[in-house]
Structure formats: structure tokens, C-alpha cells
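Beneath this line is the structure, given in C-alpha cells, with notes to follow.
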Protein chains: 2
Amino acid sequence: MKKISGNALRGHLDAMVLATLARGEAHGFEIMQRLGAAGRGALELKEGTLYPVLYRLEAAGMIVGKWETGATERRGPRRRIYKLARNGRRDLKRRQEQWRQFIQVIGGIVEAPT
Amino acid sequence: MKKISGNALRGHLDAMVLATLARGEAHGFEIMQRLGAAGRGALELKEGTLYPVLYRLEAAGMIVGKWETGATERRGPRRRIYKLARNGRRDLKRRQEQWRQFIQVIGGIVEAPT
DNA sequence: ACATATTATTTAGCATGACTAAGTAGTGGT
DNA sequence: ACCACTACTTAGTCATGCTAAATAATATGT
């Protein structure tokens, strides 16, 4: 199966991340894994793609991140846990509507019989 | 209705143009109008967006363009008529399959219940 | 002790391609 | 003469996803 990547994702990545967080808070690495799993082999985001999206969404007030604290017996570095902000949930709804319009309009054009 | 533009179109514009030409040859301006009409007010391509796509597709051998000739009683400057090349028709089919995969995978992620 | 693997984050620089904005050109109407 | 409409051209900008490498913390194996 061909990978979905590059330009095709443009303008949709934010919605994908927000939708992922709508299912529950998660840290960056986890979001990457969830998206990879949800993509059933057709999606393969790299860190350099995802993290800047998180910074952008946090700076825009769409998501809220905080460093994980507490007695951690796990291995590895600190994680930043993100969750949807109220604005983010609103934004997600808006983006979902736009997505539906997008696939209807563009699909109607692209799916023309050859 | 919000306009579809910018990054959301990335990676889909080529397919849109090929699909438009699959319905019959046309010159650039006409393709713009057809896309505008097909977009039902949600699409508004400008020349600076469309023409470079045509040049790119022609250079890649996906479409063939030729200057309109003959006794023309019509008004206005010369037009370049484009039609789908064999490669272009093949490419369109491939892009349509990718489109279906795209909306299935990305849609499955974005349409998560809020 | 040391290397290696895994988890997790950061970031500088690049590439793609849609957009902005302005220009050229021909024809018809006022 | 000027404007509107049709039609094409193109230089420069910008957003954003990707490449690639570095840093960090801990566990496991030798």
C-alpha cells in the first residue's frame, strides 16, 4: 500500500492531531503511534513532522501541554502530556465540517469517470 | 460557505485538472471556470495557481497543449487547448485510487467523535 | 563499566507547491 | 480614449510537511 505523506497531508494534520486528542490526552510519541496505527500502514509520521504541529497548536491555545510529574518507574526522558483545550474542541468541530465539505467538493471533481 | 483554498488543495490540484480534462479538452481559462462551477462557490482558483499546474502537467507528458488555430471570429487573445495524454489518463486513475485511500484513512482519523 | 536499544523530545535547514500581484495582449462597447 | 472581458505569463512569497541529526533518560546485555 502506498504511503500517504508529503503534500497530501497539508492542511489536515492539525485536524488529525486534534481528533486524536479528542479520544484522550496523550504525549507526542503516543500521538505518533496512535496515528500510525489508525493509518493502517498507510501513514508514517516522523517526529520532525509531528512535534512542530504540537508546538503550533499549543501556541494557538488549541491544546494544553504539561510535563509529566510524579514517581515514575518508567524508563526514558520526561514526556509532555497534551490535552484538548476548549478552543481546540471547538476548532476540531469546525475542521470536521470543513473536512466534509472538502471531500464532497474535491471528491466530486476528482471522482469524475475517466 | 467557507472557501477551500491554500494548503488543503496541495497534492490534489493535479488530479482535479486531469479529471476536468477527462470530460473533454479545454483551454486554461475554461478549466478555471469549470472548476469554479464544480466547486459550487467553495472553490476559487486564480490564474497564478492554475497555469503553473498546466505547465507542469504538460512538461510531465500528462496533458498535451496546442495553440488554437484557424479562422477565429472570436474575440480575445490566443488560447492554448489542452487534452489528456495517454499517460495522463493512466495517472488520473492512479490518483483517483489514491484519493479514495486518502479520504478513507484521513477521514477515519478526522471524523472521530468529539 | 560500556555499548546498545528503546522511549521521548528538540530543532536547523530543505523542498514543495499554492498564492499574491502585477504585467501583457486582443477585441468590443461606451 | 477608456473600460470590461477574455486569456495567458511569471517573479516572488509563504506555509508547512520532511530530512536528519542531536540530546536525554533508563533498562538490558556483555
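So you know, we letter chains A, B, ... as the sequences are listed, proteins then strands, and number each from 1. Nothing here was measured: the structure is a model prediction, and the numbers come from that model.
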Look at A/Asn7 and C/dG17 and indicate whether a side-chain polar atom (N or O) is within less than 4.0 Å of OP1 or OP2. yes
Does B/Arg78 put a side-chain nitrogen or oxygen below 4.0 Å from OP1 or OP2 of D/dT6? no
Starting at atom CZ of B/Arg79, determine the distance to atom P of D/dT6, rounded to an integer number of angstrom. 11 Å
Report the C-alpha distance between A/Glu30 and A/Arg79 in whole Å, list the side-chain angles of each, state the deciding distance to 0.1 Å, and finish with yes or no for salt bridge (Lys or Arg N to Asp or Glu O under 4.0 Å). CA-CA 10 Å; A/Glu30 198 179 353; A/Arg79 306 145 144 184; over 6 Å; no
Heavy-atom closest pair, residues A/Met62 and A/Asn87: SD-O, 3.7 Å
Let me confirm one number: the CH2-CE distance from B/Trp99 to B/Met16, rounded to the nearest 0.5 Å. 8.5 Å
Any side-chain N or O of A/Tyr51 below 4.0 angstrom from OP1/OP2 of C/dT10? no
Polar side-chain atom of A/Arg34 near backbone of A/Thr20 as donor-acceptor pair, under 3.5 Å: yes
Would you mind telling me which of B/Lys93, B/Arg94, B/Arg89 makes a salt bridge (Lys or Arg N to Asp or Glu O under 4.0 Å) with B/Asp91? B/Arg94
OP1 or OP2 of D/dG17 sitting under 4.0 Å from any side-chain N/O of A/Arg10? no
Between CG of B/Leu54 and P of D/dT9 the distance, given in whole Å, is 9 Å
Can you sort out which residues in residues 43-50 of chain B have a heavy atom within less than 4.0 Å of DNA chain D? Ascending by number, please. B/Glu47, B/Gly48
Could you please name the option among C/dT11, D/dC8, C/dA8 that lies closest to any side-chain atom of B/Tyr55? D/dC8
Strictly below 4.0 Å: does A/Arg56 bring a side-chain N or O up to OP1 or OP2 of D/dG17? yes
Can a side chain N or O of A/His27 be found less than 4.0 Å away from OP1 or OP2 on C/dT9? no
Of the nucleotides D/dA25, C/dA25, C/dA18, which one has an atom closest to the side chain of B/Leu9? C/dA18
Could you check whether the rings of B/His12 and A/Phe102 sit parallel, tilted or perpendicular, using 30° and 60° as the cut-offs? perpendicular
What is the distance, to the nearest angstrom, from the CE atom on B/Met32 to the C1' atom on D/dC8? 10 Å
